[in-house]
Amino acid sequence: EDSRNLTISINGNPPIPIPEPSWIPAPQTEYMYHTDLTVGIPLEQLRDGESIRFKLSLDSTQRWNWPQNLIYGLTFRLFLAPAAAPPELADVTNAVPAKSYLRITNPTDAIRAEYIFVGKDVDWSGRGHQQRKHWQTHRGKPHHIIGFSTESNSGFAVQWNTEWLPDQENFGVQARLYYPDGTYRVTPIVTNLKLAPRPYRVKVYAPEPAPRNWVTRSGAFQQTIQIPDSVQYASGLQLLWTSWSPCYSNGLFLNDHLIWSRSTDCYVYATHEPVFEDLALKYLETGENTITTALTPLVRGHMVHGMEVQWPGVQIKVRY
């Protein structure tokens, strides 16, 4: 909130500005978000055989005199000439069943593999773009990817559960492999995949813009989501969002009905994806739906932190 002008300096060189994320409305400093940003570093600022020293700085001016960014991980990425024979994904059936196996045909000496979905799904990257290569990190490690394995003997085989994958005409899968020398190599994307027939449909809905400074200690907040489909056929509902310090929530409401109450994580980044299959389905409406968070009450007469809902807010999946 109102923290600005984050920069990074490498090996004592002049600071490099870290831009505000372009996918969040201006002024971005008025929104809560957890995302990954990338800046270029001139190669001449790096020294062969030596470690990298870096310094982060932030403008000291902030409206309540506490400027801050929480940095959960920092990666220095150097792009090298591609190897002659990149690893490849094993044949992925064009009609992906509900539980499908992914593996690598030529893992050579790789020590782990990570599988990435390319298509339309809930966006955990803090961008709000559901159609994308779904790759994001937390504390320098991938999260909410579709598979991870260190079992090289099996070709890093993993079982990908697509039960809640939204219906779509075609999608892709890519793998990233890590090698003992500290380098990564990626496979070509296997494209034009489709879901095998299943006795239900899954739709994912993006919310309208999240409110500014969505912190429940500050008040009640609302966000709307349009559902154009007939919800009378809904058989499952999933709400999905990221937050910081959700233990200080005072509940999340769907169309004025309490649907989720506080969890136990305090002062930490968290992701939420509860599934509802009973009474909560009656709270859904065809057309406009409202997500509300209530004001976090005082505890023993004192204000507590409040849950911070991160951009883009609450996304919804419905199974029909």
Side-chain angles (χ1 to χ4, degrees), residues 1-10 14-39 54-74 123-129 136-139 206-225 240-253 260 262-272 290-315:
E1 180 190 1
D2 197 41
S3 298
R4 59 191 70 244
N5 299 329
L6 181 65
T7 67
I8 186 168
S9 174
I10 306 295
I16 300 171
I18 299 176
E20 299 291 345
S22 60
W23 47 87
I24 295 176
Q28 292 91 335
T29 54
E30 293 298 299
Y31 292 87
M32 297 294 166
Y33 60 84
H34 174 93
T35 191
D36 51 290
L37 299 169
T38 303
V39 295
F54 65 91
K55 177 183 177 180
L56 293 163
S57 63
L58 192 64
D59 195 314
S60 61
T61 301
Q62 192 260 2
R63 68 167 62 105
W64 43 279
N65 297 320
W66 199 348
Q68 58 182 304
N69 287 125
L70 304 185
I71 310 295
Y72 278 100
L74 196 63
D123 176 42
W124 294 105
S125 75
R127 286 167 172 76
H129 300 159
Q136 50 277 317
T137 62
H138 181 66
R139 298 191 183 275
E208 296 182 358
R212 293 187 180 195
N213 192 28
W214 195 341
V215 182
T216 61
R217 68 176 176 270
S218 300
F221 292 83
Q222 286 191 344
Q223 183 176 36
T224 57
I225 300 179
L240 311 103
W241 76 101
T242 65
S243 73
W244 204 83
S245 205
C247 73
Y248 289 119
S249 164
N250 192 22
L252 187 146
F253 298 78
W260 178 88
R262 71 184 67 188
S263 65
T264 57
D265 296 322
C266 286
Y267 303 112
V268 68
Y269 165 85
T271 61
H272 311 276
T290 302
I291 298 291
T292 307
T293 54
L295 172 66
T296 295
L298 299 179
V299 176
R300 293 187 290 276
H302 297 283
M303 179 183 289
V304 293
H305 187 275
M307 177 175 69
E308 299 179 356
V309 179
Q310 310 287 293
W311 181 272
V314 182
Q315 302 171 72

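Everything quoted here is computed from the prediction, not taken from an experiment. Residues take their numbers from the sequence shown, with the count starting at 1. As a basis for the values below, the full set of heavy atoms in this structure was taken, side chains included, without hydrogen atoms, waters or symmetry mates.
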- prompt: Under the side chain to side chain contact (heavy atoms under 4.5 Å, CB included) criterion, do Leu240 and Trp124 qualify, and how do the steps go?
  reply: CA-CA 9 Å; Leu240 311 103; Trp124 294 105; 3.8 Å; yes
- request: Determine, step by step, whether Val309 and Met32 satisfy the side chain to side chain contact (heavy atoms under 4.5 Å, CB included) criterion, reporting the C-alpha distance in whole Å, the side-chain angles of both residues, the deciding distance to 0.1 Å, and the verdict.
  value: CA-CA 7 Å; Val309 179; Met32 297 294 166; over 6 Å; no
- request: Apply side chain to side chain contact (heavy atoms under 4.5 Å, CB included) to Arg127 and Thr35, showing your working.
  value: CA-CA 7 Å; Arg127 286 167 172 76; Thr35 191; 3.6 Å; yes
task: Take Cys247 and Ser249, measure what side chain to side chain contact (heavy atoms under 4.5 Å, CB included) needs, and give me the verdict at the end.
output: CA-CA 6 Å; Cys247 73; Ser249 164; over 6 Å; no
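Between Thr293 and Phe253, the closest side-chain pair of non-hydrogen atoms is not below 4.5 Å. Looking at Met307 and Val215, their side chains never come closer than 4.5 Å, going by heavy atoms from C-beta outward. Residues Thr292 and Leu252 are not in side-chain contact: their nearest non-hydrogen atoms beyond the backbone lie 4.5 Å or more apart. Using a 4.5 Å heavy-atom threshold, the side chains of Leu37 and Pro21 count as touching. Side-chain contact between Asn69 and Leu58: present, with at least one pair of heavy atoms (C-beta onward) separated by less than 4.5 Å. Looking at Ile16 and Ile18, their side chains never come closer than 4.5 Å, going by heavy atoms from C-beta outward. At least one side-chain heavy atom of Ile71 sits less than 4.5 Å from a side-chain heavy atom of Leu56.
Taking the six-membered ring for Trp and thresholds of 30 and 60 degrees, His129 and Trp23 have ring planes more than 60 degrees apart, a perpendicular arrangement. By the 30° and 60° cut-offs, the orientation of the rings of Tyr269 relative to Tyr72 is tilted. Between Trp241 and Trp260, the ring-plane angle classifies as perpendicular under the 30° and 60° cut-offs.
Among all heavy-atom pairs drawn from His305 and Ser245, the shortest one is ND1-CB, 3.8 Å. Across all non-hydrogen atoms, the minimal contact from Pro207 to Pro312 is CG-O, 3.5 Å. Minimum heavy-atom separation, Ala206 to Ile225: O-CG2, 3.9 Å. Contact record, Leu70 with Gln68: CD2-OE1, 4.1 Å, taken as the closest heavy-atom pair. Taking each heavy atom of Arg63 and Glu30 in turn, the nearest pair found is NH2-OE2, 2.7 Å.
Without hydrogens or angle criteria, Gln62 side chain to Glu1 main chain gives a donor-acceptor distance under 3.5 Å. Between the side chain of Thr7 and the backbone N or O of Pro17 there is no donor-acceptor pair closer than 3.5 Å. Judged by distance alone, the side chain of Gln310 and the main-chain N or O of His34 form a donor-acceptor pair under 3.5 Å.
Distance CD/Glu208 to OG1/Thr224: 3.0 Å, rounded to 0.5 Å. Atom NZ of Lys55 is separated from atom CD1 of Ile10 by 12.5 Å, given to the nearest 0.5 angstrom. To the nearest 0.5 angstrom, Asn5 atom CG is 9.0 Å from Thr29 atom OG1.
Aromatic ring centres of Trp311 and Tyr31 lie closer together than 6.0 Å. Here the two rings, on Trp214 and Trp244, have centers that are 6.0 Å apart or farther.
Using modelled atom types, one finds no donor on one side chain facing an acceptor on the other under 3.5 Å when comparing Gln222 with Thr290. The closest side-chain donor-acceptor pair between His272 and Thr242, if any, does not fall under 3.5 angstrom.
Residue pairs meeting the salt bridge (charged side-chain N to carboxylate O under 4.0 Å, His left out) criterion with at least one partner in residues 209-221, sequence neighbours excluded, are Arg217-Glu308.
Remark: Asp123 engages Arg132 in a salt bridge (Lys or Arg N to Asp or Glu O under 4.0 Å) (not counting sequence neighbours).
For Trp64, the CH2 atom is densely surrounded, since the number of other residues' heavy atoms within 6.0 Å is greater than 12.
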Please tabulate, for the side chains in residues 295-303, all donor-acceptor contacts under 3.5 angstrom to protein atoms that are two or more places apart in sequence or on a different chain.
from: Thr296; atom 1: OG1; to: Thr216; atom 2: OG1; distance (Å): 2.7
from: Thr296; atom 1: OG1; to: Tyr248; atom 2: O; distance (Å): 2.5

